[in-house]
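Down below is the structure, laid out as structure tokens.
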Amino acid sequence: MSDRKLPRTTLQKLLSRFHFGVTLFAVALSGLAIMLAGVAALRGYADRNIELAAQLGAYGVEPALVFRDPQAAREGLEPLTHIPGIAQLRILDDRGALLTEWVSPHPDPAPLLTRIFFPEPFALPVRRNGSRIGTIEIRGDSSTLLDYVRIGLLAGLICLIVTGLGTVALARRFEYELVKPLGEIASVAHDVRLHRRFDKRVQSLGIAELDRLGGDINALLDELQGWQGHMESEHAMLAHRASHDMLTAMPNRAAFDEQLAARIEAAAARRSRFALLFIDVDNFKAANDGFGHAAGDAVLVALAARIKAVLRRRDFAARIGGDEFAVIADPVEARADAEELALRICNAVAEPVTLTDGEDYRPAVSVGVAIYPDDGDDGTALLTVADSGMYAHKLSNRN
Amino acid sequence: MLASLFLIGAALATPGMTVQQASQAIVDESSGGLTEAVNRMVGGIISYVGWPDRRAGDDLTLCQVGAPRLTGLLAPDIPGDRPLSLRRTSAGAVIANGGCDILYLGRVSSADRMRLVQWVRARAVLTITDDDPACLHGAMFCLAHRDTGLSFSVNLDAIARGPLRVDPRVLQIGRSVS
């Protein structure tokens, strides 16, 4: 199994590291170039400085060389001893013999720098009327260079820091520009997956590639939303089918049981009463047999519509059996109200129904009433009471 | 030139300090070392003097009066090989005929020396002597041989009187004799 866990990093960290590397490389490269140029310039400057000193010294010691006078040579060199950056002065006559020598009393502050910049003494021939009368040799030291190098290094360091900070800030800005839209896409995807928010869309993004990605995601979401809507309507249809009677479009027995339990619970909480009416169509079997099933169905549809027309808005009616309906009248004040409703239902359904073949059929129903909580505090007890009430009614109708 | 005049002026302003003595030049111990040193010193002095009517590199004439004390054979060694013709002559001939750019005074009578110094005054003639170590008798440059080596002194008064230009570095080379 190659399912080893890789160390995860964020895009921002990755970009930051990458940027830092690139920046460091660029700064180091330019710094190196500047340093090399600086060293070359510095070297030229140092050489020129020594050369000028040598020319000044040559002018000063020229008579001393002519007269071969060491004391005069020392005096001629005197101005040079005040010039910083000179470690040693030597005056040689035309035969190469040492006339005088001066060594700086100050120690060399950075011998390494001296070795780099002044690997060997600068020698300038001293001439008188065109003939060489001697040589002046100057050995430089690092005392003047040191400040220059220090300032140069400091300036370089500051430049490096400023460049580094600037590029880091720019990189941050770039990362922000890139990471923010990606985060937006991610949050939309997350919302859709976790909260089923199929209406969410990725906003238009400033980066072309990401905008295309966002557009594709949006298109995908459109499709998903379509499927989701289709599924939901299908689901609703199935749910309706499961809980409703296909013929009358009334809730069926299962929906009625659920509704009854809910009403009992609500009435118990409110301490209110409601009535359960059990309705049975009289002689429906005879009508069905006499006029055919289509006529029976038409009668049932008409009855359902009439029952519903009588009810109030909060009341509930269901077809719970072949020719059985149940009504929950909620709330009711007294049994008399419920019995009045039962009577109204009986009257409402008593109107003749015109069948398809033109004949009139006069349906009749028997209604039994049960009151919650007077006749029982559960569905079964209420149904039993209503059922027996209905039978009593039916018997009285026959008589 | 200005610096030279200033220096000379400053020297004149303080009497008793008009003679400057050079520090000691190195003289080789070998035989003829002194001769060489004298020739070198004389040539050096000549090379630092400018004649107003001559350009650098022009032919110069050195008139030697009297026998030199410090050298048997005077042959000034001028840096840059400037042509120099040497003439042994007498004080009277110099005064009568002229034609000298440099007067080298060896052993001469004090009367001749006075005549020559008088004659040189205001002329473009350089005077060098090796017979006046203290440089008191009017020559411009005076060579002196001491235990420590050969040296020369400068008589600023004498130089200031004439039209010759002397490089101030040569004047500076010596210390004042107080």
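Keep in mind it's a predicted model, so treat the numbers as computed, not measured. Proteins come first, then strands; the chains are lettered A, B, ... in the order of their sequence lines, and each starts at number 1.
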**Q.** Heavy-atom neighbours of A:Gln203 CD exceed 12 at 6.0 Å
**A.** no
(Q) Is it the case that atom CZ in B:Arg54 sees more than 12 heavy atoms from other parts of the structure closer than 6.0 Å? (A) yes
Q. What are the two closest non-hydrogen atoms of A:Ile133 and B:Pro79, and how far apart are they?
A. CG2-CB, 4.1 Å
Q: Write down the atom of A:Asp94, the atom of B:Arg40, and the distance for their closest heavy-atom approach.
A: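 Minimum heavy-atom separation between A:Asp94 and B:Arg40: OD2-NH1, 3.9 Å.
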Q. Is it the side chain or the backbone of A:Leu65 that comes within 4.5 Å of chain B heavy atoms, both, or neither?
A.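 For A:Leu65, backbone heavy atoms alone lie under 4.5 Å from chain B.
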Q | Top contributor to chain B contacts, counting heavy-atom pairs under 4.5 Å, from A:Pro63, A:Gly130, A:Ala64, A:Gly76 | A | A:Pro63
Q) What distance separates B:Arg82 CZ from A:Arg128 CZ, expressed to the nearest 0.5 Å? A)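 Going from CZ on B:Arg82 over to CZ on A:Arg128, the span is 9.5 Å.
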Q. Taking side chain as C-beta onward, heavy atoms only, is B:Ile45 less than 4.5 Å from A:Phe67?
A. yes
